[in-house]
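Input: a single structure, listed below in C-alpha cells.
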Amino acid sequence: GLDETGSEVDVSKESYFTDTIAANSTVFSDIFVNSDGKYVFAVSSPVKQPGAAILGTVCLYMPADLFQKIPDMNMHDGRTIYMLLRGDGVISSVVGTTAFAQGDNLYTSGSFVINANTSNEKLKHNISNGRSGMEECTVMGDARELIYKAIGVNGWYIIEITTERYVTA
C-alpha cells in the first residue's frame with residue numbers, strides 16, 4: 001500500500017485490510033492513535049473489476065475528532081457536551097467541556113455520576129448491547145441528562161450530556 005506521502009507501507013497484516021479482503025465489503029476499523037498522536041479510524045473498501053476477483057483495497061484514515069464544529073452547527077446552550085464513545089466507554093472525541101478528554105473512560109471518570117435510578121453497570125450493559133436511551137446524571141455536581149444513541153459502526157455511540165433545563169425547554 002501507499003501512505004499519504006506516497007511511500008510504500010505493508011498493510012497485509014492490518015485487520016482492516018484482511019477483514020476487507022475476507023468480507024469483500026467496506027470495513028471500519030476501531031479508533032486508534034496514529035503516528036502523529038491523533039485519534040483516527042480506517043475506512044477500507046475493496047477494489048475490483050466487475051466479475052473479477054479483488055485487486056486490492058483503498059483505505060482512508062479519517063479523523064475521529066468529529067465533534068469540534070457541533071456547537072457552531074447546532075442549537076447549543078453553551079453547556080451541552082457531545083462525545084463519540086466506544087462501546088467500552090473510552091471517549092474518542094469530545095467537545096463542550098473540560099471535565100472529559102479524549103481517551104478518558106466515561107464509566108470510570110470521577111467527573112461523571114449516574115443518578116440513583118440507574119447505575120454505571122446498567123449504562124455499560126445498555127451501551128454494550130447496542131441500546132439507546134436517556135439517563136439522569138451529574139457532571140461535576142451539575143444535574144444533567146445523558147442521551148446515548150448507537151450509530152451502527154463498530155459499536156460507537158454518540159453521547160449528548162445536556163442540562164435538564166435544556167431537555168425540557
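Any value given below was found using the heavy atoms of this structure, including those in side chains, with hydrogens, waters and symmetry copies removed.
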Next on the checklist: As an exercise, state the distance from OG of Ser92 to CG of Asp104, rounded to the nearest 0.5 Å.
Outcome noted: 11.5 Å
Checklist entry - Residues in side chain to side chain contact (heavy atoms under 4.5 Å, CB included) with Leu60, at least two apart? => result Met62
Checklist outcome for this item: Rounded to the nearest 0.5 angstrom, the CG-OG distance for Leu84 and Ser93 is 6.0 Å
Checklist outcome for this item: Using a 4.5 Å side-chain heavy-atom cut-off and chaining through intermediate ILVMFWY residues, the residues clustered with Val90 come out as none
Checklist entry - Distance from Ile81 atom CD1 to Arg144 atom CZ, nearest 0.5 Å? => result 4.5 Å
Checklist entry - What residues form a side chain to side chain contact (heavy atoms under 4.5 Å, CB included) with Ser45, not counting sequence neighbours? => result Thr26
Item to check | Side-chain touch Tyr148/Leu85, heavy atoms, less than 4.5 angstrom | outcome: no
Checklist outcome for this item: Taken to the nearest 0.5 Å, the spacing of Leu106 CG from Asp88 CG works out to 11.0 Å
Checklist entry - Is it the case that one hydrophobic cluster holds both Leu146 and Met140, taking links as side-chain heavy atoms less than 4.5 Å apart, direct or via other members? => result yes
Checklist entry - If you take all heavy atoms of Ser44 and Thr20, which pair is closest and at what distance? => result OG-OG1, 2.9 Å
Checklist entry - Measuring from Glu135:CD to Ile147:CD1, what's the distance to the nearest 0.5 Å? => result 11.0 Å
Checklist entry - How close do Val94 and Phe100 get, heavy atom to heavy atom, and via which atoms? => result CG1-O, 3.8 Å
Checklist outcome for this item: Heavy atoms of Lys149 and Ser132 approach each other most closely as CA-OG, 3.4 Å
